[in-house]
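To keep things clear, I will list the structure first and then write my remarks on it.
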Amino acid sequence: MSLTRRDVLKAGAAVSAAAALPSWPAQADFAPRPGTWRNFELRTRLDIPQPAGLTQAWIPLPSFSAPGWSKPEGNNWDTNAKTAEIVKDAKYGAEFLHVVWTEGESAPAVEVISTFATQSRAVDLTKPLGTQSLSDAERKLNLAPTELIPTDGIVKETSDKITAGAKSDVEKARLIYEWIVETAYRDPKTRGCGVGDVATLLKSGNIGGKCADINALFVGLARAAGLPARDLYGLRVAPSAFGYKSLGAKNEVVTKAQHCRAEVFLADFGWVPVDPADVRKVVLEEPPGNLPLTDDKVTQARKTLFGSWEGNWLAYNDAHDVALPGAAGPKLGFLMYPQAEVAGVRLDCLDADTFKYVITAREIAI
Amino acid sequence: MVHFFATWCEPCKAEIGTLQRFFQARGDKVGVLAINVGEVPGRVRSFLKETPVTFPVVLDADRSVAKAWAVEGLPTSVMLDKSLKRMLAVTGELDWASAEVGDEIDEALADRDSQGADCTREDNR
C-alpha cells in the first residue's frame, strides 16, 4: 500500500523564513518588567457529583519555586474526606493534595486555599550575564525525553533541520521559537490545553493545538538540540496589564484558565522564559481575530515572549509523567488540572458534567 | 484491522468516520478493533456518542499497547492476516471510504486468500 501520510515538515523553508525576519523595532507597549511581587490567593473547590466505591482526588498545588519570580506560600484545605495529605512527586518536586473519601460518602467535596507570589520576567538577551550554573542533575533532567516528548526520531530530525547552521545556543533557541511561531497554530477545538504528544503532532503534519502542545514542542525541539528546557504548567490569575485580552484571566473565576509556558536554559543568561503558544493565541484571539503575523499586536507579542512574560500567571510545577499515589489509572503527561477517580475509573478532568471544580484567584495585599 | 487513535488527534476524528463506512462495507471480510491511546474512559465515551462506531473500541490507558506495537504517530492502522502477521500498516490520515483504499485492501485480501489456499495445500501434503 502506498502511504498517504502528509509530510509537511518544511523545516528548511521555515528556518529561511525565520532568518529573513526583519530586525525588531524598538519595544513599544508590551514590556513586562520584573521588580514588583504580586501576591495571590487561589481557591480550588472540587465536588464529585456521582461518587461510587472508593473516591479520591489529586489537586495540584503551587509548588514551583524560582528565585526572582515564583514563590509558593502555603496551602490550607477544608474537606469531608477521610484523609487529605500533601504529596510531593519525587522526580520533579511537584506537590498536590491527595484526598481520599470514605466509601459511601454521598457528597465528596474539598476546597483548597493556596497563596503564592509571582512577578514579571524579562531577560535582556543582548547583555550576557556571564556563565550561569546548572547542576548536572538539573541539566540531565531538562534534557531527558519524557513519555510524550521524545528527543529522538522525528523530534531530533526536525530540531536538526531548524537549528542547522546556528552559531550559538541563543540562536538555536531563537530559531526553534520562530519556527514554531511560523509553523504551528492555535486550534480552538483542542480540548483543554492539549495533550502534548509532540512526536504525533510532528508526524501528523498538522501542528495545531494549544499551550500544552505548542510549548511542549518547543521543549522537545530544544532538548533535542542539546538545550535544557522545561514546561511549566500553571494558571492565568489576572488580566494582562498590557491590553492583551487573550493573555490574561477574564475575571476571578479561572477554572478554565490553565496555561503552560516554557523555559530554556542558556549558559550566559540562565533560565529564559519563552511562550510561542501565546504568540499564536494572540494571532487567533486578539480582536478582531485571526490576525496576520504582521499585525502590531502579534509582532510585539512575538518579540516580547522570547525572553519575557507577564507576572499574571501561576506556575504549579514542571512535572511530567506524574504517578498519582493510590490511583488505578495511568501516569499523567502533566499535572495541571485537578484529577479524580471513582471506583477505580479516572474521571475526565475536562468534563464538567461528571467532575465539577471551580478555581478562583484574587490578588491580595500582604 | 487494528486502528490506534485518540480523540484529541484531529486527523483521527475524520478518519474514524470513514473507517466505520469501511467496516460497514467490508466487515464480513475484515474485522476492525480500535484502540484508544492514553485517554480516560469518559472522554472516549463522549467522543463515541458523537461519532458512533459498530466495531469494538478498547482503551490503552497507559499507552503500553501502542508502545509494544511501535506506534509512532496517530492515527495508525495495522492490517493483520489470519495468522496475525502484518499485511499493511499506515500512519497518518487515510480515507477508508475512498475507492483507492478500497482497491488496495481488496488486493491485499485477494493475496491473503490465495496464500491461505497455498498453505492449505501444504498442510494437506
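Sequence lines set the chain letters: A, B, ... in the order given, protein chains first and strands last, and positions in each chain run from 1.
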Option in B:Glu10, B:Met79, B:Glu107 with maximal non-hydrogen atom pairs under 4.5 Å from chain A: B:Glu10
NZ/NE/NH1/NH2 to OD/OE distance under 4.0 Å, A:Glu147 and B:Lys67: yes
Cationic N near anionic O, under 4.0 Å, A:Asp278 to A:Arg236: yes
Contact leader toward chain A among B:Met87, B:Arg43, B:Glu39, where contacts are heavy-atom pairs under 4.5 Å: B:Arg43
Which atoms of B:Arg45 approach chain A - backbone, side chain, both or neither, heavy atom under 4.5 Å: neither
Residue pair A:Asp348 / A:Tyr337, side-chain donor-acceptor N/O under 3.5 Å: no
Closest-packed option against chain A by number of heavy-atom pairs under 4.5 Å, given B:Gly42, B:Ala61, B:Cys9: B:Ala61
Charged N-O contact under 4.0 Å between A:Lys91 and A:Asp89: no
Top contributor to chain B interface from A:Asp197, A:Thr190, A:Leu201, A:Asp213 [non-hydrogen pairs under 4.5 Å]: A:Asp197
Proximal component of A:Arg191, with respect to chain B [non-hydrogen, under 4.5 Å]: side chain
Pair B:Phe55 and B:Phe23, ring centroids less than 6.0 Å apart: yes
